[in-house]
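Have a look at the structure below before the remarks.
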Amino acid sequence: MDYKKELDKLTDNQREAVFDESNVCLVNANVGSGKTTVLISKIIYLHYVKQIDYCDMVVLTFTNKAANEIKERLTMLEENLNMEDLRFFGTFHSVALYLLRELLMVDQLGYQKDFFVIEPDEEVDIALRIIQEEKLKIKYKNRLKKRLEQERVSRYQDDLIELRERLQKEKVSQNKMTFSDLLLNTVHLLKEASITPKWVIIDEVQDSDKMQLEFIDALMNKNTRIFAVGDPNQVIYSWRGSAFNVFYTLKDRYQARELSLSVNFRSNISILEVAKCFLQNGGRLTGNRERGNKIIVKRQYDSFQEACYLADRIKEIHDTGIPYKEIAIFYRLQNQSTILENVFSKNGIPFDVSLKKTIQDIPVLNWTMKLLRFAMNEKDISSGIYVLSHKDYGERITEKAAAKLLKGCSDMSHLNHGDMFSIDLNFAEKEDFFEESLLQRMLSFRKRFSKVEIPEVDEIYQYFSFDTHLHPTAASYQEDKELVKELLRTLITYINEHKMSFLEGLQDFINSSSLYGVNILNKDINNEADTVKLMTLHASKGLEFSYVFIIGVNNGLIPLQAKSFEEEDEERRLLFVGITRAKDNLELSYYTNPDTYRTMAGESRFIRMIPKHLIESDDIERESVNLQELKRQILAEKNVKMDMIKNSDNSTKTLLEDNEVDVEDNQVEDSEVQVEKMNEEVEVREIHSTHNGNELLTPNELPVRKVSHAKYGIGTVTREDDLMITVLFKAYGKKEFMKAFSELKEE
DNA sequence: GAAGCCCCGTTTTTT
DNA sequence: ACGGGGCTTC
């Protein structure tokens, strides 16, 4: 049988995890160590060797992509595999949705079985409308989303708590659940239900948040077993709530056995040695490949010069026979891609940018989706109001008027659909308006299409008189019309594929577009295409390329300004993730003239964490590029410093003068030394930048307490209080420690 | 209601 | 560094 071949491919280490017999097993899997292979092999092993039915396993992932990958691999082993058997395989949210729809009593919470899943923005829209209607006092409406998530008690003495209660009721009455409602309600209802999976299997478990851990816990009974894989060194989403130290939490809660996979099969030794500099959990990371090329650190003038350089370099690489799709460029911020896009387009370099373009980002499609939502669910007042009052496509009425109009309708909802159109015409100026109105079309939509075979695109298009609403005179008309028709085509295809009736299929499509994202124009990054891939470091997780360029490794960009050490740690893991995407060649670059004020000139402290012998020297460039530029920078630094001296007291002045570099005398020194001196200057400036005004260092503090740290080496204490100590390390820069845990030794 | 002050956020993104 | 929003003061 084929499954044996799959299991034979495993290494001893991987085999141990797959064949493990403990009730709860956590696999601490290093980057590139075959995490997904182990997870899938475990499922195969349980199914084919241990004879566990697939439907006795709940397999949880974070992305649809990961879920699909697992399903595909299982289908490859068994072509006739019934997808119904894999009904508990999917993202946390899609499994929750399945449970709520098929197995749990949502009516206990006031919901109906055919509830809708809504986008996060829609919840805010609903909240804003409640605020308006109920005349609630809410401050900082522009950060309402964050406030609703975070504040358990109102921070600003307003009606936030009342709003949250009203919002909850409103969602129930409109029969809608947000993403977090899906998990929350499932956890709530599972307590009373008897759903008893034999196995709960979790991928990328380090990304779980509290709610997801509760979801796992709610699935557990005394015979349920857990198998989870993850990598604590790849936690890059803690800012959106992934629970702290999930491994420890789970291990403790279920008395789990922890196994680790330490061998990396992806990158060559040169790259792994660099990656190790950024490993924080002291874990072992070993490779099994050859040494390969040293990594390159390149200095660039600015992002435009760099884009031109990259265009040339990529052509060169491609000419050696490397396909474009083996080359990737990573950056910290989305907007860094624009300059690359422009320059690459001009130079004929094929590329794809990973952009999260969804239906809601395209106004006409957002409007159309809401129209369909209201047509399917007349309780969905907020969508109705949006559709009717939209300034471009709506009925040229205000939100208030639309709300009144809809209220009139829902008060009449005890009447059947046919009677509805005779209601309260005070709001509609003449009968004609109402008879032919979009509102009427939406309200009678379900009746009109209930007994119909799946209609043509044009039939739906005509029914809603889309042409009238898209305004043939408008500049965007042609484009809008194409988009709407494309959306409707996608819808019809979707319904045909799922072999459903029209209305059933439409309902499903509406929910899917929230939960799974419908790709209308294939805007998502196409991995098969032979193009250079441009993406953020975050988006690079889980991928691999032969050539990787990480650009903008400047302080203030990589790492982004960090407010706490937790944040700085996360920035470091983020660079670790980027570095470990590279199989054969890695190049880091930084700017000497960055385009934004937030970014500081010169290489990031992260680059200085890499020992020099691991880096292919860039000296030839440095020498030829410009001593002039260097000199200019040193002068600029000197001016900054002189300003500071003017603003500070005399004792500090004396101290700083000792460190000064006489630029004129140093012109003939080699550039290496000059760079070193410049770095010293920067360090002096950094000490100052964190101490404004009277907080400046006193002479007693500075000369000079040296301490040493196992990882960062010897450094100078720059600040100290009861709780914290700040040390400046030559190779790393400034680092804050909590005294209790710092393990610093006095020199 | 204009002027000035204070607080906060700025970035990454899946479902 | 800078802008938005809320609050206080005149």
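Lettering of chains follows the sequences in order, A, B, ..., and the numbering in each one begins at 1. Nothing here was measured: the structure is a model prediction, and the numbers come from that model.
- Checking the phosphate oxygens (OP1, OP2) of B/dT14, no side-chain nitrogen or oxygen of A/Asn64 falls inside 4.0 Å.
- B/dT13 and C/dG3 are spaced 24 Å apart, taking the C1' atom of each and rounding to whole Å.
- Atom CZ in A/Phe92 sits about 13 Å away from atom P in B/dT15, given to the nearest Å.
- With distances taken from any side-chain atom of A/Arg332 to the nucleotides B/dT13, B/dT15, B/dT11, the minimum falls on B/dT11.
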**Message:** What does the B/S/- profile of nucleotides 4-9 of chain B look like, 5' to 3', with a 4.0 Å heavy-atom cutoff to protein?
**Reply:** ----S-

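- A donor-acceptor contact under 3.5 Å is not formed by the side chain of A/Arg240 with the base of B/dT12.
- Rounded to an integer number of Å, the gap from A/Met211 CE to B/dT15 P is 18 Å.
- Phosphate contact (OP1/OP2 of B/dT13, side-chain N/O of A/Thr536, threshold under 4.0 Å): present.
- Within 4.0 Å (heavy atoms only), A/Asp207 reaches no atom of the nucleic acid at all.
- Counting any heavy atom pair closer than 4.0 Å across all strands shown, A/Leu560 reaches a base atom.
- Heavy-atom distances to DNA chain B give each of A/Ser180 and A/Leu333 a nearest nucleotide, and the one nearer the 5′ end belongs to A/Leu333.
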**Steps toward salt bridge (Lys or Arg N to Asp or Glu O under 4.0 Å) verdict (A/Arg166, A/Asp159)** = CA-CA 11 Å; A/Arg166 278 286 293 111; A/Asp159 302 332; over 6 Å; no

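- The shortest distance between the side-chain N/O atoms of A/Lys139 and the OP1/OP2 oxygens of C/dC7 is below 4.0 Å.
- When the nucleotides B/dT15, C/dG4, B/dT12 are ranked by their closest atom to the side chain of A/Thr91, B/dT15 comes out on top.
- Listed here is the closest heavy atom pair of A/Ala67 and A/Gly90: CB-CA, 3.8 Å.
- The closest side-chain donor-acceptor pair between A/Gln300 and A/Ser589, if any, does not fall under 3.5 angstrom.
- For A/Phe88, the ring-ring contact (aromatic ring centres under 6.0 Å, His included) partners are A/Tyr98, not counting sequence neighbours.
- In this structure, the aromatic ring of A/Tyr516 is not positioned over the six-membered ring of the base of B/dT15 within 5.5 Å between centres and 30° between planes.
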**Request:** Check the pair A/Lys35, A/Glu204 against salt bridge (Lys or Arg N to Asp or Glu O under 4.0 Å), reporting the backbone distance first and the verdict last.
**Result:** CA-CA 9 Å; A/Lys35 193 166 8 95; A/Glu204 304 267 22; 3.6 Å; yes

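- Within 6.0 Å of NE2 in A/His188 there are 12 or fewer heavy atoms belonging to other residues, nucleotides or ligands.
- Look at CD on A/Gln206: it is 14 Å from C1' on B/dT14, rounded to the nearest Å.
- Atom CD of A/Gln157 and atom P of C/dG6 are 15 Å apart (whole Å).
- The nearest whole Å value for the distance from the NZ atom in A/Lys145 to the C1' atom in B/dT15 is 11 Å.
- The neighbour count for A/Lys113 NZ, taken as heavy atoms of other residues, nucleotides or ligands under 6.0 Å away, is above 12.
- Summarising the geometry, the separation between CZ on A/Arg598 and C1' on C/dG3 is reported as 11 Å, rounded to the nearest angstrom.
- Residue-level contact check: A/Glu119 touches neither bases nor backbone, having no heavy atom under 4.0 Å from any strand.
- Within 6.0 Å of atom CD in A/Gln157, 12 or fewer heavy atoms from other residues, nucleotides or ligands are found, so the atom counts as exposed in its surroundings.
- The side chain of A/Tyr597 lies closest to C/dA1, out of B/dT10, C/dA1, B/dT12.
- Separating the CD1 atom of A/Ile236 from the P atom of B/dT14 is a distance of 11 Å, rounded to the nearest angstrom.
- Distance CD1 (A/Ile138) to P (C/dG5): 16 Å, rounded to an integer number of Å.
- Annotation: of the two residues near DNA chain B, A/Pro120 and A/Gln561, the 5′-most nearest-nucleotide partner is A/Gln561.
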